[in-house]
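Here the structure is laid out as structure tokens; the discussion comes afterwards.
Order of the sequence lines fixes the chain letters, A, B, ..., with proteins taken first and strands second; residue numbering starts at 1 for each chain. The figures that follow rest on heavy atoms only: side chains count, while hydrogens, waters and symmetry mates do not.
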Number of protein chains: 2
Amino acid sequence: MWVTFPIITGEMVKQTTQNSFFGQYSYSIDTKGRVNIPAKFRQVLSNDNNKTFIITRGEERCIWVYPLVVWQEITERLGKLSAVSPNNRHFIRKTTRYASLVEYDKQGRIMLTKPLIDYAGLNKDVHIIGALNKLEIWNPETLDEVDSDDTNIDAVTLHELAKEIIL
Amino acid sequence: MWVTFPIITGEMVKQTTQNSFFGQYSYSIDTKGRVNIPAKFRQVLSNDNNKTFIITRGEERCIWVYPLVVWQEITERLGKLSAVSPNNRHFIRKTTRYASLVEYDKQGRIMLTKPLIDYAGLNKDVHIIGALNKLEIWNPETLDEVDSDDTNIDAVTLHELAKEIIL
DNA sequence: TAATATTGTGGGTAATTGTGGGTAACATTC
DNA sequence: GAATGTTACCCACAATTACCCACAATATTA
């Protein structure tokens, strides 16, 4: 069985690599809880993701959307942690608990779960942000608040990061 | 411009995630003590489980629900522990004593035993959590308490874990 | 520029899922 | 034995989800 995909041109490669996302887009959720995955992101997905994402709670009231293969790497590492340690148990539960596997349909939409929509406080309009190995879905208002709220930014950590990443 | 790839079927994806559970769902127990196994979990179960689970006491007042084949691996490992050591004897007794074998019916429900329902303090509404190789059934209130109780959780270790696993 | 394809959004319909209950078979107790 | 409780196996049905098709707006191509 075979399937045909658009070729990723040189122009696209310059901007993106597989399963790597950036940029911000505006979309809307319909009455059934569906959101479109931006076409630019879909084109960048490796085909072994099989149109599948894992959606889960993100930090600061947004939804994180992982391509399947990225999530599989994460769970693989989680599986190596022994469940005997309370710390490990807690960590495993925390990261897997709110996750849910979804596929996008013929129109390129995924269906969000009610708990996650509630968690992120989503209404009709949402912002979708590419965040390297995952996407983030935000209520625009929440995003504005987080942007303008610097109280939880640690200057020292930022400095460490800047040194580490070499900006 | 187009290029053609072999199709990765849903079946193939399921295999990579067989007997692996995550996500949290709300369900209710009926008057006969039956709970639904979330459909998403049923789809991921390998056939050799024969619709069979082992339910037993979990840590912290919840019920653990193991697919048959996962439980078999556990007992195999338990069997290798020498029963001479008092510690091992206690551990083996603790994990096998409250276990009971159940099958899910045509509607996908298992029947919980009264002792386990009492142990977990379950009323009508329950939360079912996918915890990798097993499910957990909780009274929502108990779950909230455990969540907010961080006394035995080491924040530093959690941070280390998060870095290691790379979310 | 016109023609064509892609993308974002909405909605209809069939299938699945979650939940409740009925009843017959079976076991348990007096 | 009868009375009682428990379990297995049905059926029913509302709510949700999966799977279509439609179509306007935008982008791409000739």
Side-chain angles (χ1 to χ4, degrees), chain A residues 3-12 15 21 23-45 50-53 55 65 100-118 122-128 130 135 137 140, chain B residues 1-3 9-11 13-14 21 23-45 50-53 55 65 100-118 122-130 135 137 140:
Chain A
V3 66
T4 304
F5 282 98
I7 283 186
I8 299 184
T9 66
E11 192 54 37
M12 296 157 97
Q15 296 180 27
F21 315 99
Q24 176 173 323
Y25 302 88
S26 292
Y27 284 89
S28 57
I29 307 183
D30 65 20
T31 52
K32 292 179 181 175
R34 297 175 296 190
V35 229
N36 210 314
I37 300 293
K40 291 214 172 177
F41 292 163
R42 290 199 306 264
Q43 289 161 0
V44 161
L45 288 166
N50 200 39
K51 303 185 174 183
T52 304
F53 290 95
I55 57 177
V65 184
S100 172
L101 190 145
V102 295
E103 288 178 49
Y104 64 82
D105 64 17
K106 259 187 191 165
Q107 280 71 251
R109 294 170 295 191
I110 56 173
M111 201 166 88
L112 302 176
T113 64
K114 270 194 216 68
L116 286 175
I117 290 175
D118 290 344
L122 301 183
N123 304 315
K124 193 168 193 312
D125 296 316
V126 298
H127 283 349
I128 302 186
L135 317 181
I137 303 179
Chain B
M1 290 167 72
W2 300 86
V3 65
T9 67
E11 198 52 42
V13 172
K14 269 186 213 161
F21 314 99
Q24 175 174 320
Y25 302 88
S26 293
Y27 284 88
S28 56
I29 307 184
D30 64 20
T31 52
K32 295 177 180 175
R34 296 175 297 188
V35 229
N36 210 314
I37 300 294
K40 292 216 171 176
F41 294 162
R42 292 199 306 263
Q43 290 162 0
V44 163
L45 287 166
N50 278 96
K51 303 184 173 182
T52 305
F53 290 96
I55 55 177
V65 183
S100 123
L101 191 144
V102 294
E103 287 177 51
Y104 65 83
D105 65 18
K106 255 187 195 166
Q107 279 72 249
R109 294 170 295 192
I110 56 172
M111 204 165 89
L112 302 176
T113 63
K114 270 194 216 65
L116 285 175
I117 290 176
D118 290 344
L122 301 184
N123 304 315
K124 192 169 192 310
D125 295 316
V126 297
H127 284 349
I128 302 186
I129 299 179
L135 317 182
I137 303 180

Exercise. For A/Asp105, what residues pass the side chain to side chain donor-acceptor pair (under 3.5 Å) criterion, not counting sequence neighbours?
Worked result: A/Arg109
For this session: Rounding to 10 degrees, work out the angle separating the end axes of the helix from C/dT1-D/dA30 to C/dC30-D/dG1 (five pairs an end).
Result: 30°
Exercise. Between atom NZ in B/Lys51 and atom C1' in D/dC9, what is the gap in whole Å?
Worked result: 13 Å
Problem set entry | For atom CE of B/Met111 and atom C1' of D/dG5, their distance in whole Å | 12 Å
Exercise. Could you state the NZ-P distance from B/Lys106 to D/dC13, rounded to the nearest angstrom?
Worked result: 17 Å
For this session: Assign a letter to each nucleotide of nucleotides 10-18 of chain C from its 5' end: B, base within under 4.0 Å of a protein heavy atom; S, sugar-phosphate only; -, no contact.
Result: BBB----SB
For this session: Using a 4.5 Å cut-off on heavy atoms from C-beta on, say whether the side chain of B/Tyr25 contacts that of B/Leu135.
Result: no
Problem set entry | Side chain to side chain, B/Leu45 and B/Phe21, heavy atoms closer than 4.5 Å | yes
Exercise. Hey, are the side chains of B/Asn36 and B/Arg42 touching, using non-hydrogen atoms and a 4.5 Å cut-off?
Worked result: yes
Exercise. Is any side-chain heavy atom of A/Ile137 less than 4.5 Å from a side-chain heavy atom of A/Leu112?
Worked result: yes
For this session: Give a yes or no answer on whether the side chain of B/Lys40 reaches the backbone of A/Leu101 with a donor-acceptor pair at less than 3.5 Å.
Result: yes
Seminar exercise, completed: Residues A/Gly33 and A/Ile117: closest non-hydrogen pair is CA-CD1, 4.3 Å
Exercise. For B/Thr52, does its backbone N or O pair with a side-chain atom of B/Asn50 as donor and acceptor, under 3.5 Å?
Worked result: no
